[in-house]
Each structure stands twice: as structure tokens, then as C-alpha cells.
Amino acid sequence: ALGDEHQVTLTCMNNLAWIYNEQHQYQLAEPLWVEALATRRRVFGDDHLFTLISANNLGMHYTATGRYIEAERIHRDVLARRQRTLEAQHPHIMISMTNLADALRGQKRFAAAESLYLKSYDLQVAKLGPAHMDAQITADGAARLYELMNRPDEEATWRARGRTSK
């Protein structure tokens with residue numbers, strides 16, 4: 001047995017939480033993410049790559065369940081830690097910017113969300129290319145933002161850049 005604090009155990013816990021999340025069984029996913037995060041903080045520390053991945057996942061869960069203020073708090077913390085510990089153009093920083101933008105969009109803080117989507121997308125395209133999945137996810141978020149803002153021309157532009165263009 002690997003034990004409750006082994007990295008493989010924690011990764012399996014995280015993966016099971018994702019499965020529950022994809023099935024919209026949020027009540028089953030959340031305790032797994034909370035436990036994985038608490039354990040990774042205790043074992044690896046607050047700034048460790050795996051800890052920040054767990055925090056990011058919990059923040060995404062909060063966004064998915066409409067708990068945008070909690071999601072914002074987590075995503076701001078993860079973004080600050082990643083900016084402090086990773087190279088400036090690291091893809092995880094850009095992912096954190098997009099996830100924070102999603103939480104702000106949920107709060108209808110459109111100007112702040114727009115700024116983050118645009119910055120993240122520009123960085124992702126420069127570093128990873130426009131066809132990269134991360135850039136497309138950011139474009140999808142921007143498209144949803146412009147839809148909420150009733151700006152159909154910009155929504156169409158961003159849908160064409162994202163994964164949901166048809």
C-alpha cells in the first residue's frame with residue numbers, strides 16, 4: 001500500500017474528483033479535492049507544483065458550482081504563487097489567469113475578466129500557438145463573456161478562435 005500521503009494516491013484522488021466533476025456529481029468531487037489540497041499543503045508546502053494544481057482544481061470546482069467569490073480567492077492566490085515560483089511565460093500562469101477570469105465573469109465583473117482573458121490569450125498564442133488547447137479554452141471563456149455582455153460580433157470572433165466554433 002502506498003499510503004494516504006503518497007503522490008500516486010493523491011493523484012488518483014484528484015482524478016476521481018475530475019470524473020465526479022464531469023458527471024456533475026459535485027458533492028462527491030469536492031471532498032476529494034479539499035482532502036487532496038490539505039494533504040498536499042501539509043506534505044509538500046503551499047508553493048509546490050502539485051499543491052497549486054490541487055488548489056487550482058478546487059477553484060475550478062467552485063466556479064463550476066457558482067461559488068465565484070471562493071473561486072476568485074483561490075485563483076488569485078494560485079496565480080500569485082505561480083508568478084512568484086515559475087518563469088514569467090509558464091503555461092500554468094496563463095491557465096491561472098484564465099481561471100481567475102472565469103470566476104470574475106461569474107461575478108459579472110466583466111472589465112476585469114476581459115482584461116485577463118485578452119492577456120492570457122495573447123501570452124498563450126505567443127508561447128503555445130493559437131491551436132493549443134489552452135488558448136482555445138481561453139478563447140471560449142472570452143466568447144462566453146462577450147455573449148453575457150451582448151456583444152455578438154466579439155463573441156463570434158472569439159468563438160471562431162475557440163474549441164466551440166462550428
Side-chain angles (χ1 to χ4, degrees), residues 1-107 112-113 115-142 144 162-163:
L2 299 175
D4 293 343
E5 295 182 349
H6 193 280
Q7 183 51 36
V8 172
T9 303
L10 296 170
T11 298
C12 289
M13 188 181 296
N14 181 70
N15 293 345
L16 180 58
W18 271 118
I19 291 168
Y20 288 143
N21 185 70
E22 290 298 313
Q23 296 173 341
H24 302 279
Q25 296 184 51
Y26 301 118
Q27 74 285 358
L28 297 175
E30 184 170 341
L32 293 172
W33 272 320
V34 168
E35 183 178 347
L37 176 57
T39 304
R40 283 178 165 165
R41 279 187 171 143
R42 187 175 64 256
V43 173
F44 301 116
D46 289 337
D47 291 338
H48 192 276
L49 172 70
F50 293 139
T51 304
L52 295 175
I53 288 170
S54 286
N56 179 71
N57 292 344
L58 183 59
M60 290 174 65
H61 166 76
Y62 288 153
T63 296
T65 57
R67 293 156 60 185
Y68 303 117
I69 292 172
E70 291 170 89
E72 177 190 0
R73 180 185 54 77
I74 288 175
H75 287 307
R76 283 194 187 282
D77 180 62
V78 170
L79 177 58
R81 290 176 188 281
R82 284 178 168 170
Q83 287 173 325
R84 201 171 52 248
T85 59
L86 300 173
E87 66 182 61
Q89 301 279 319
H90 194 284
H92 285 191
I93 292 173
M94 300 169 217
I95 289 169
S96 287
M97 292 169 65
T98 297
N99 291 340
L100 177 56
D102 290 343
L104 295 171
R105 183 189 72 220
Q107 296 176 58
S115 175
L116 282 167
Y117 282 131
L118 298 180
K119 183 175 180 182
S120 180
Y121 184 79
D122 287 346
L123 291 169
Q124 288 166 328
V125 168
K127 176 91 174 180
L128 307 169
H132 192 277
M133 180 179 67
D134 291 350
Q136 292 180 351
I137 289 169
T138 299
D140 286 343
R144 287 191 295 276
R163 297 178 303 156

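We use all heavy atoms of the structure for the numbers below, so side chains are in, but hydrogens, waters and symmetry mates are not.
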Under 3.5 Å, is there a donor-acceptor pair linking the side chains of [X] and [Y]?
{"X": "Ser96", "Y": "Arg82", "value": "yes"}
{"X": "Thr9", "Y": "Glu5", "value": "no"}
{"X": "Gln25", "Y": "Gln23", "value": "yes"}

Once you round to the nearest 0.5 Å, how far does [atom1] of [X] lie from [atom2] of [Y]?
{"X": "Met133", "Y": "Asp140", "atom1": "CE", "atom2": "CG", "result": "11.5 Å"}
{"X": "Asp46", "Y": "Thr85", "atom1": "CG", "atom2": "OG1", "result": "11.5 Å"}
{"X": "Arg67", "Y": "Leu58", "atom1": "CZ", "atom2": "CG", "result": "7.5 Å"}
{"X": "Arg81", "Y": "Asn56", "atom1": "CZ", "atom2": "CG", "result": "13.5 Å"}
{"X": "Asp102", "Y": "Tyr68", "atom1": "CG", "atom2": "OH", "result": "9.5 Å"}
{"X": "Glu35", "Y": "Glu30", "atom1": "CD", "atom2": "CD", "result": "12.5 Å"}

Exercise. Check the surroundings of atom CG in Asp4: do more than 12 heavy atoms from other residues, nucleotides or ligands lie under 6.0 Å from it?
Key: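 12 or below, so no.
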Quiz item: Heavy-atom count around Leu28 CG within 6.0 Å, excluding the residue itself: above 12?
Solution: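 Yes.
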Closest heavy-atom contact between [X] and [Y]?
{"X": "Ala113", "Y": "Ala101", "result": "CB-O, 3.5 Å"}
{"X": "Ala135", "Y": "Gly129", "result": "CB-O, 3.8 Å"}
{"X": "Thr63", "Y": "Ala103", "result": "OG1-CB, 3.9 Å"}

Exercise. Please tell me if the side chains of Leu104 and His75 come closer than 4.5 Å, counting only heavy atoms from C-beta onward.
Key: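 Counting from C-beta outward, Leu104 and His75 never come under 4.5 Å.
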Quiz item: Is there a side-chain contact between Gln7 and Val43 (heavy atoms, below 4.5 Å)?
Solution: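 Not touching, per the 4.5 Å side-chain cut-off.
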Self-check item: Electrostatic pair Glu72-Arg105, nearest N-O below 4.0 angstrom
Solution: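 Salt bridge absent between Glu72 and Arg105.
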Quiz item: Using 4.0 Å as the upper bound for N to carboxylate O, is an ion pair formed by Arg73 and Asp77?
Solution: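 So Asp77 does not pair with Arg73 through a salt bridge.
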Quiz item: Can you name the one residue among Thr39, Leu10, Leu52 that meets side-chain contact (heavy atoms from CB on, under 4.5 Å) with Phe44?
Solution: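 Result for side-chain contact (heavy atoms from CB on, under 4.5 Å) with Phe44: Leu10.
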Quiz item: Per the side-chain contact (heavy atoms from CB on, under 4.5 Å) rule, which among Thr138, Asn99, Leu79, Leu123 passes with Met94?
Solution: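 Of the listed residues Thr138, Asn99, Leu79, Leu123, the side-chain contact (heavy atoms from CB on, under 4.5 Å) partner of Met94 is Leu123.
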Quiz item: Any idea how His48 and Phe50 line up, ring-wise: parallel (<30°), tilted (30 to 60°), or perpendicular (>60°)?
Solution: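 Rings of His48 and Phe50: tilted, as their planes differ by 30° to 60°.
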Exercise. Assign the ring pair His61 / Trp33 to parallel, tilted or perpendicular, where the plane angle (0 to 90°) is split at 30° and 60°.
Key: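 Ring orientation, 0 to 90° scale: tilted.
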[X] (side chain) donor-acceptor with [Y] (main chain) under 3.5 angstrom:
{"X": "Ser115", "Y": "Ala112", "value": "no"}
{"X": "Ser120", "Y": "Leu116", "value": "no"}
{"X": "Thr51", "Y": "Gly45", "value": "yes"}

Exercise. Dump the intermediate steps for side-chain contact (heavy atoms from CB on, under 4.5 Å) on Val78 and His92, then the final yes or no.
Key: CA-CA 10 Å; Val78 170; His92 285 191; over 6 Å; no
Quiz item: Please, which pairs that meet ring pair (Phe, Tyr, Trp, His ring centres under 6.0 Å) have at least one residue in residues 115-136, sequence neighbours excluded?
Solution: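 Ring pair (Phe, Tyr, Trp, His ring centres under 6.0 Å) check on residues 115-136 returns Tyr121-Trp158.
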Self-check item: Criterion side-chain contact (heavy atoms from CB on, under 4.5 Å) on Asn57 and Asn14, from CA distance to verdict
Solution: CA-CA 8 Å; Asn57 292 344; Asn14 181 70; 2.5 Å; yes
Exercise. Check the pair Asp122 / Lys119 against salt bridge (charged side-chain N to carboxylate O under 4.0 Å, His left out), numbers first and verdict last.
Key: CA-CA 5 Å; Asp122 287 346; Lys119 183 175 180 182; over 6 Å; no
